[in-house]
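Both backbone and side-chain heavy atoms feed into the values below; hydrogens, waters and symmetry mates do not.
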Amino acid sequence: DVGSFDLSEMVFDPDDPVKDLQYSMGTGAPEWCSIIGHFLKVEPPTNWSGTFDVTIRVSDGLASDMNVISLFIEPVNDPPTVSDLLSEYEVVVDKPFLLRISINDAEGDLTTITMETELERLTLTGDILSFVPYSEDLGDHVVDLTISDGNGGYLNRSILLKVIDNSGDLFFSSPTI
């Protein structure tokens with residue numbers, strides 16, 4: 001998240017309006033901190049948290065002063081993400097279908113997947129969807145997935161399984177993942 005701090009609220013100058021002063025940062029400040037006018041703008045990278053110090057200099061052109069400001073970025077729980085999950089899969093009648101769902105959680109939380117679908121034989125074991133469609137399954141079927149990290153972060157994804165007729169081609173009965 002972006003934070004913005006009005007530096008003019010921290011300064012007193014009896015001779016000049018504080019908004020007319022010149023503000024700058026000392027060396028060593030993170031590149032994601034900047035000063036725009038009299039505001040300190042803080043845009044930490046995704047998943048960054050912790051405490052850091054920024055040296056602020058203020059000048060009215062005649063005199064100057066500096067102060068170290070300590071800022072704390074509170075950690076937040078990010079929702080899990082998935083990679084390589086397509087929105088649509090073509091599935092062939094009588095041919096086993098296996099799909100491993102690759103999940104990442106920025107905080108390393110243990111994730112769980114729940115599934116909703118009208119396909120009775122589609123199973124979810126851990127992070128693997130498996131299904132052997134029959135001819136009565138021909139057509140399009142939506143599978144709704146919810147991936148949760150147990151700490152309030154979740155991701156909802158839907159995939160479409162398009163069950164098509166078997167052309168009679170030869171295939172292995174136990175595919176590898």
Are the side chains of [Y] and [X] in contact, using a 4.5 Å heavy-atom criterion?
{"X": "Phe52", "Y": "Cys33", "value": "yes"}
{"X": "Phe131", "Y": "Val91", "value": "yes"}
{"X": "Asn77", "Y": "Glu107", "value": "yes"}
{"X": "Leu119", "Y": "Leu161", "value": "yes"}
{"X": "Phe97", "Y": "Tyr89", "value": "yes"}
{"X": "Leu138", "Y": "Asp165", "value": "yes"}
{"X": "Val42", "Y": "Leu71", "value": "yes"}
{"X": "Arg121", "Y": "Tyr134", "value": "yes"}

Given the rule that I, L, V, M, F, W and Y join up when any side-chain heavy atoms are under 4.5 Å apart, are [X] and [Y] in one cluster?
{"X": "Leu86", "Y": "Val163", "answer": "yes"}
{"X": "Met66", "Y": "Leu21", "answer": "no"}
{"X": "Val93", "Y": "Val132", "answer": "no"}

Could you verify whether a donor N or O on one side chain and an acceptor N or O on the other, from [X] and [Y], lie under 3.5 Å apart?
{"X": "Asp94", "Y": "Asn166", "answer": "no"}
{"X": "Asp144", "Y": "Asn156", "answer": "no"}
{"X": "Ser130", "Y": "Thr123", "answer": "yes"}
{"X": "Asp105", "Y": "Thr111", "answer": "no"}

- Evaluate the side-chain contact (heavy atoms from CB on, under 4.5 Å) criterion for residues Ile69 and Leu7: first the C-alpha distance (whole Å), next the side-chain angles of each, then the deciding distance (0.1 Å), finally the verdict. CA-CA 10 Å; Ile69 299 172; Leu7 298 172; 4.1 Å; yes
- Check the pair Glu116 / Leu145 against side-chain contact (heavy atoms from CB on, under 4.5 Å), numbers first and verdict last. CA-CA 7 Å; Glu116 287 187 32; Leu145 302 170; over 6 Å; no
If every non-hydrogen atom of [X] is compared with every non-hydrogen atom of [Y], which pair is closest and at what distance?
{"X": "Pro45", "Y": "Trp32", "value": "CD-NE1, 3.4 Å"}
{"X": "Ala29", "Y": "Val54", "value": "CB-CG1, 4.3 Å"}
{"X": "Met25", "Y": "Arg57", "value": "O-NH1, 4.0 Å"}
{"X": "Thr117", "Y": "Val142", "value": "OG1-O, 3.2 Å"}
{"X": "Ser148", "Y": "Pro80", "value": "C-CG, 4.2 Å"}

Roughly how far, to the nearest 0.5 Å, is the [atom2] atom of [Y] from the [atom1] atom of [X]?
{"X": "Asn104", "Y": "Thr81", "atom1": "CG", "atom2": "OG1", "answer": "4.5 Å"}
{"X": "Ile101", "Y": "Ile159", "atom1": "CD1", "atom2": "CD1", "answer": "6.5 Å"}
{"X": "Asp149", "Y": "Asp109", "atom1": "CG", "atom2": "CG", "answer": "4.5 Å"}

- Query: Is the number of heavy atoms from other residues, nucleotides or ligands under 6.0 Å of Glu90 CD greater than 12?
  - Reply: no
- Query: Taking atom CD of Glu88 as the centre, does the number of heavy atoms from other residues, nucleotides or ligands within less than 6.0 Å exceed 12?
  - Reply: yes
- Please work out whether the ring planes of Tyr23 and His38 are parallel, tilted or perpendicular, with thresholds of 30° and 60°. tilted
- Task: Begin from the C-alpha positions of Val82 and Leu155 and carry the test side-chain contact (heavy atoms from CB on, under 4.5 Å) through to its verdict.
- Result: CA-CA 9 Å; Val82 293; Leu155 172 69; 4.0 Å; yes
Is a side-chain donor or acceptor of [X] paired with a backbone partner of [Y] at a separation under 3.5 angstrom?
{"X": "Arg157", "Y": "Leu85", "value": "yes"}
{"X": "Asn67", "Y": "Ile56", "value": "no"}
{"X": "Thr114", "Y": "Ile147", "value": "no"}

- Item | Step-by-step side-chain contact (heavy atoms from CB on, under 4.5 Å) determination, His141 to Leu160 | CA-CA 6 Å; His141 304 277; Leu160 180 66; 5.6 Å; no
- Item | Step-by-step side chain to side chain donor-acceptor pair (under 3.5 Å) determination, Ser102 to Asp84 | CA-CA 7 Å; Ser102 298; Asp84 302 326; 5.1 Å; no
